[in-house]
Amino acid sequence: MANVSIRDVRKTFGTTEVLHGVSVEIEDGEFVILVGPSGCGKSTLLRMIAGLENITVGEIAIGGRVVNNVAPKARDIAMVFQNYALYPHMTVRDNMAFSLLLAKMPKAMINEQVQRAAQILGLMPYLNRYPRQLSGGQRQRVAMGRAIVRDPQVFLFDEPLSNLDAKLRVAMRAEIKELHQRLTTTTVYVTHDQIEAMTMADKIVVMNGGNVEQIGAPLELYDHPLNLFVAGFIGSPAMNFLKGKIAGGAFQSDDGTTLPLPAGPDGSDGKPVVYGVRPEHFMLSPQGLPATVHVIEPTGSETQVMAEFAGSPVICAFRERVSARPGETIRMAPDPSLVHVFDAATGLRYAA
Amino acid sequence: MDATVDVGIRHLGFTRKPDGWVTRLFDNKAFLVFLCLLPSMGLLLVFLTYPLGLGIWLSMTDTTIGQPGQFIGLDNFIDLMDDPVFWMSVTNTIFYTTVATVGKFALGLWLALLLNHHIPFKAFIRAIVLLPWIVPTVLSAIAWWWIYSPQFSIVSYVIVDVLHLRSTYINFLGSPWPARWSLIVANIWRGIPFVAITLLAGLQTISPSLYEAALLDGASGWQKFRRITVPLLMPILAVALTLSVLFTFSDFQLVYAITRGGPFNTTHLMATLAFQRAIPGAQLGEGAAIAVSMIPFLIAATLVCFFGVGRRKWQQGEAND
């Protein structure tokens, strides 16, 4: 096991720079998730850790050893690919044993390692099957088994669940997390799904356009997003943004509605800001402001309401059951202690 | 849908007119199957079954050109058993097929691996590679005949007059073994594009992530080739190998255009000998017998290629994507 240091890493393909100086410290045994929209450079960064892409500028160290010029096989890492990359002409057993075979491990030890991994992953009944004869979830497990048998210092996962259906994805999510708790191997995991990131990670690295937007624990990102991108990316349904300015210690939206601000530095009247409210931080209240209901989606545990509020469309999630019909008006207010204010010009958190 | 329309019409007081016999005929599944098979059956009958049947019949007669023959049973074949030229053509054909196939596949695979890399002007180079295959065989055979000419050979010119490695021009086609090897080289040259392009198509179906996985698993370049590329190429290799063996075994044009079986019948393949005896030699029955005796060899070669390197266990089973 080892820590991973990514120090001011840049990557250029031809003349296009796709990573603009990324630094991440990954502690020993930590489960770190790189998350961001497609094309943000998260997979490229993972492939650079694996050694499948070279590092243009900067350095990556695994266990204190700079690996910029170390061949992939000598980095002591194992990777699970998005399409699993199982060898179609080998049985499950041979797929898992392949790396050990190449490392010239004695046969008996290979067998032992494969058995151990198969037991952990519940693959014992399938050891003699070919990848074609397995379901998506089983193939996923074989791909993990292939990583486990090597007992590497770092596990790398490249969007491993994106080829599975929704139900299986949730199951595998729990399985991967459990596996990490059992093996406590340092893990770097790439996904574009923020729910996967929130549910599995010890630490999330939010990336966008080749830059790191914020690094932190899942709830830290949720409670204190540093900027508009993170605020909008983390959380589902996404945070509502109202445009407006600060006026007299309160927020005044573009349509003139005044909303309360959290306690903090004030005195910057007229400053354009974005007022962010998470859907679940609206409260139904007779003293609240009117909102015109567009759509109501009861999910049972909560009710999602799409409405027009303070001149903008918003999504709210109420614990209560809302009985209003589309077109009717409900009265609601944001919880002032839980709203987020961002500088409209820079997108950064304001009055932090 | 028909039913609802029907009900609607009946409801309005109309009755549907009974179908005519043509309509009923075309609704008959057996008739339709027969009708759809007819064109291909016709083609196969006229161009495959009839010539094959005629060939087998002729091989059991003493037909000569201009003289309808008598049925003589297996006499032609019994005669061939004692015919040293026939046996030489058999060994020639086997040797020619074996060596040329090995050469074609070795060089074709090598070329396919090269072309599978990112190289400048890739599409252009691939087009050039196909050239030997596109040019009519007789044309390229004539070109090879020039290359092998005892007086005008460019190869001899380079070796003797440019490099001064020899003092005399090489007599490529004048004695048996040089002539056989010359034919094999020409056949390899002609066969490479087919092998290279087919195997290139096979190589491109192999997912690059398998090589990345193998790289992380610690495989060297050779190990990646042996353990990933070769097994995954096997299915398409089997098909290409079968076709290539069949084409080479029944090759006629190259040999006939370059050596005509000479010198002294030592480069005859079974196909050229069959033609030689049947048409210029006018012994249609004997020629047919030689041609017919190719059939067991071809069937055996096909079976070996197909079952030897054919469908593997990993390709079977349920697809589950």
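Just so it is clear: chains get the letters A, B, ... in the order the sequence lines come, proteins before strands, and each one is counted from 1.
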Chain B contact via Arg47(A) - side chain, backbone, both or neither, heavy atoms under 4.5 Å: side chain

After noting the C-alpha distance and the side-chain angles of Phe98(A) and Arg227(B), does the key distance pass the side-chain contact (heavy atoms from CB on, under 4.5 Å) rule? CA-CA 10 Å; Phe98(A) 190 54; Arg227(B) 299 205 175 249; 3.2 Å; yes

Nearest 0.5 angstrom please: Leu101(A) CG to Gln223(B) CD, how far? 8.5 Å

With chain B, the option among Ala147(A), Ala71(A), Ala85(A) that has the most non-hydrogen atom pairs under 4.5 Å is Ala85(A)

More than 12 foreign heavy atoms under 6.0 Å from CD of Glu25(A): is that the case here? yes

At a 4.5 Å cut-off on heavy atoms, which part of Ala103(A) comes close to chain B: side chain, backbone, both, or neither? neither

Counting only heavy atoms not in Met109(A), do more than 12 fall under 6.0 Å of its CE? no

So with a 6.0 Å cut-off around CZ of Phe34(B), is the heavy-atom count from everything else above 12? no

Quick one: list whatever passes ring-ring contact (aromatic ring centres under 6.0 Å, His included) with Phe13(A), sequence neighbours left out. none

For Met90(A) against Ile228(B), the heavy-atom pair lying closest together: CE-CD1, 4.5 Å

Residue Phe81(A) versus chain B: region with a heavy atom under 4.5 Å: side chain

Can you check whether anything in residues 205-220 of chain B gets within less than 4.5 Å of chain A, heavy-atom wise, and list it by number? Ser207(B), Ser209(B), Leu210(B), Glu212(B), Ala213(B), Ala214(B), Leu215(B), Leu216(B), Asp217(B), Gly218(B), Ala219(B)

